[in-house]
Amino acid sequence: MDLIDSLNEAQRNAVLATEGPLLILAGAGSGKTRVITHRIAYLIKEKGVSPYNILAITFTNKAAREMRERVEALLGGEARDIWIMTFHAACVRILRRDIEHIGYSRSFVIYDASDQLTLLKNCIKELDLNEKLYDPKAMLSAISKAKDKMIGPDEYAKAYGEDFRNKKIGDIYRLYQDKLKKNNALDFDDIILKTIELFKSNPEVLDYYQRRFKYIMVDEYQDTNAAQYQLIKLLSSYHQNLCVVGDDDQSIYGWRGADIRNILDFEKDFKNTKVIKLEQNYRSTKQILEAANEVVANNKGRKAKKLWTANDDGTPITVYTAADEHDEAEYAIMRILEGVAQGKSFGDYAILYRTNAQSRVFEDVLNREGIPYKMVGGLRFYDRKEIKDIIAYLRVLQNPLDDISLRRIVNVPRRGIGEGTLSKLDESAAKRGISLYDAMMECDDILPGRTARTIGKFVEMMSELMAVKEVATVTQLINEVLDRTGYIKELEKDDSEENQSRIQNLQEFLTVAQEFENKSEDKSLQAFLENISLVTDVDNLDENEDAVILMTLHGAKGLEFDNVFLVGMEEGVFPLSRAMLDEAQLEEERRLCYVGITRARKKLYITHALQRNIYGSVNYNPVSRFVEEIPEHLIEHEGYEAGGVSRSERKYIAATAEPRRTGTLFTQDQGDFGVPLTHRHKRDRSAVKFTEGQKVQHAKWGIGTVVEASDSEVVVVFDSVGSKRLAVDFAPLKVIE
DNA sequence: GAATAAATTGTTTTT
DNA sequence: CAATTTATTC
């Protein structure tokens, strides 16, 4: 029984309790992934369960991949048949087989947020409503909220129909849903909802999956919404072997419809539930864990638990008070360089922030210092304009009913098909109840000859590409699209830096397609497009790469790092100002903070700035209440005005600060601040001397030659990026010759 | 119909 | 401040 020998008692009980409903309350770092993987392996190896009968739901594709790898390691290669995937991936797989039962075609496409918004704007226009009064973004979030709670257009009208505005919102909702169907498209919420609809209207389909999935496990259960709950309930009701794992203290997706009651009420909803708590933390030091416990203890309405650890005491948490956001970034990066000089790797560090906008300053400094970093989130690769354009082409080829994508690319690159022509076509399509593409195929009688010929040429090109699609691989098809549409030629016309980077991105896209073909079993265009829709940035994060990681706190869920920086810890930034008014939202922010603290294994840095620019205007934010909730004996202060100082004094200090010098890192004299500094931006590396002609190795830019050297600066010509001026004291440079 | 200039608007977090 | 939308001109 080596499978369970390595586990502690609670973990072992969780693995052995295979039958019936099981709720595992797993604190941060308590080895829950370990429990799930061992449980799966135990079911297969010891209980003789077929891999085919197991369904494991994870929160991200990355978690799914890792879980599969770990199960395979325990089992020795029998993990292929297990369904280990996200809710969305599982549902898409189910829908792909049987969606025709509910009136969609199997070549359906998945709309992302921006497609949704375009579609919604069309709806508002069609209903003659004012976008000012019915803000598309607000409408979309209202619809999404309704969908998360499984309220369809009819129920919405019934529930909110009294009020005039809500009645209109209901109309928008209904039209939006109709249009999705006309376009043969699903939005993200639909992926779950339509699966439930399929199950409810086709009992034989449900029956098949109910019988098949004898054992179901759901990870990150605290972040499931009502629809996902319903889905799980349906799937598990036959065998009743449902195991959910979660931590109410880590519920951070309430805004996305996650319902914390799913976990709090699990015992009520499933009779004879066994509850197991995992309370030993294996990840963090005692000091970090205590800080986390103390912060989250300020929340009400949580399940009682007390995380403990047998790990070392560790070092205190460093709280750094920065003059402003630039100083904050420079401090963090100085500490990273210092650590690296002592033998740590860049990959041991993560910088976590509340909003993506905060990443910029850190990127600037990292770039300037030539430190390798990887940023997760922000503008996704697939959200870039040129990539979205090509995807839109592919979508139309896959699903010609997709008017939204068709409209996006019909005049990209320019073909002289303008707004006037398109609205005529729209009108004709609406009148005849056909798609835009079909209207284009028969447009001779509504358009003047010249325009009709232009449209005809476009339709001809598209139908040729559709023929190519039937015989070519995805990569070949993309190449054909880039070539025949003249997309690349258009970019080559003017070789601005922007266009060059677009071409590079398109090449990267081809690489992605090639990789997909190499790895994936199903190599169809449909599968490729699905893959793109469901994969996120975090999924592609490679932790073995030696680079500093930048991401939002949400993105960091489920990850861990030796050294973590929690930055921007100020009232109004974290917690966000809009969350400060509402108790429930504030508690969610606090849980997010708990998640952040518990990502750190060894060392936690917390930073906040006295002064910060937010949309062009200066803000003076007091330190975050969450920092004040950490007991003082766990903290070591650094930076400006380490002691307590009133808010107005802070404002004075920040306002009278010398303007920052741009230029080299950490060399400016910041002494005249009215208060003694407890920390100076200087690192002792003066022993290193560079001379002209030396070969040096840089952490990010590789090998280069020193062409100019002084006591404080060197100019190095790198083989890869050309010449750079660097600060001797801080650049990650090694002499190699 | 398309390119440029001006004006306006708004920011969580993401499967 | 920056990104997006709208107005203006060619």
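Per chain, numbering begins at 1; letters A, B, ... match sequence-line order. These numbers were taken from a predicted model, which means no experiment stands behind them.
Below the 3.5 angstrom threshold, one finds a donor paired with an acceptor across the side chain of R354(A) and the base of dT13(B).
Along DNA chain B, the nucleotide nearest Q228(A) and the nucleotide nearest T421(A) are compared for position; the residue whose nucleotide lies closer to the 5' end is T421(A). Nearest-nucleotide assignment on DNA chain B puts the 5′-proximal partner with T451(A), out of T451(A) and G555(A).
Residue ring and nucleobase are not stacked for F87(A) and dT15(B) under a centre distance beneath 5.5 angstrom and an angle between planes beneath 30°.
Regarding Q585(A), its CD atom lies at a distance of 14 Å from the P atom of dT13(B), rounded to whole Å. When rounded to the nearest whole Å, the span between CZ of R415(A) and C1' of dA2(B) equals 16 Å. Whole-Å rounding puts the L576(A) CG to dT14(B) C1' distance at 15 Å. What separates CE of M551(A) from P of dT15(B) is a distance of 12 Å, to the nearest Å. Note: CG (D135(A)) to C1' (dT8(B)) measures 14 Å, nearest angstrom. When rounded to the nearest whole Å, the span between CD of Q116(A) and P of dT14(B) equals 16 Å. With rounding to whole Å, D582(A) atom CG is found 15 Å from dT12(B) atom P. Taking atom CD of Q358(A) as the reference point, atom C1' of dT13(B) lies 11 Å away to the nearest angstrom.
Taken from CE in M569(A) to OG1 in T607(A), the straight-line distance is 8.5 Å, to the nearest 0.5 Å. Taking CD of E570(A) as the start and CD1 of I614(A) as the end, the distance is 7.5 Å to the nearest 0.5 Å.
The side chain to side chain contact (heavy atoms under 4.5 Å, CB included) check on D135(A) picks up K137(A), A138(A), with sequence neighbours excluded. In this structure, the side chain to side chain contact (heavy atoms under 4.5 Å, CB included) partners of E589(A), at least two apart in sequence or on a different chain, are R354(A), F574(A), P575(A), L576(A), A579(A), F626(A). Here R415(A) pairs with Y393(A) under the side-chain hydrogen bond (donor to acceptor under 3.5 Å, both in side chains) rule; sequence neighbours left out. Partners of R68(A) under the side-chain hydrogen bond (donor to acceptor under 3.5 Å, both in side chains) rule, at least two apart in sequence or in another chain, do not exist in this structure.
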What nitrogen or oxygen pairs link the protein and nucleotides 3-7 of chain C at under 3.5 Å?
from   : atom 1 : to      : atom 2 : distance (Å)
dT5(C) : OP1    : K121(A) : NZ     : 3.3

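Taking atom C1' in both dT5(C) and dT12(B), one finds a spacing of 23 Å when rounded to whole Å.
Picking from dT12(B), dA2(B), dT14(B) the nucleotide with the shortest atom distance to the side chain of E589(A) gives dT12(B). Distances from the side chain of Y253(A) to the nucleotides dT12(B), dT15(B), dT14(B) place dT14(B) closest. Listed nucleotides: dG1(B), dT12(B), dT13(B). Nearest to the side chain of W255(A): dT13(B).
Within 4.0 Å of G416(A), counting heavy atoms only, lie sugar-phosphate atoms of the nucleic acid but no base atom. Heavy atoms of K137(A) sit under 4.0 angstrom from primed sugar atoms or phosphate atoms, though from no base atom. Among the atoms of the strands shown, only primed sugar atoms or phosphate atoms (P, OP1, OP2) are found under 4.0 Å from some heavy atom of N356(A). When heavy atoms are screened at a 4.0 angstrom cut-off, N61(A) is found touching no nucleic acid atom at all. Residue R414(A) is in sugar-phosphate contact alone, with no base atom involved, counting any heavy-atom pair closer than 4.0 Å across all strands shown. Residue F59(A) is classed as a sugar-phosphate contact, given heavy-atom separations below 4.0 Å to backbone atoms only.
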**Message:** Checking F509(A) against I391(A) for the side-chain contact (heavy atoms from CB on, under 4.5 Å) test, could you report, in this order, the C-alpha distance in whole Å, the side-chain angles of both residues, the deciding distance, and whether it holds?
**Reply:** CA-CA 10 Å; F509(A) 187 58; I391(A) 292 174; 3.9 Å; yes
Using distance only, find each side-chain donor-acceptor pair of residues 446-457 of chain A under 3.5 Å and give its atom names and separation, not counting sequence neighbours.
from    : atom 1 : to      : atom 2 : distance (Å)
T454(A) : OG1    : R450(A) : O      : 2.9

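At the phosphate of dT12(B), OP1 or OP2 sits under 4.0 Å from a side-chain N or O atom of R578(A). Residue T552(A) places at least one side-chain N or O under 4.0 Å from the OP1 or OP2 atom of dT14(B).
Shown are V244(A), V245(A), I36(A); of these, the side-chain contact (heavy atoms from CB on, under 4.5 Å) with M217(A) is made only by I36(A).
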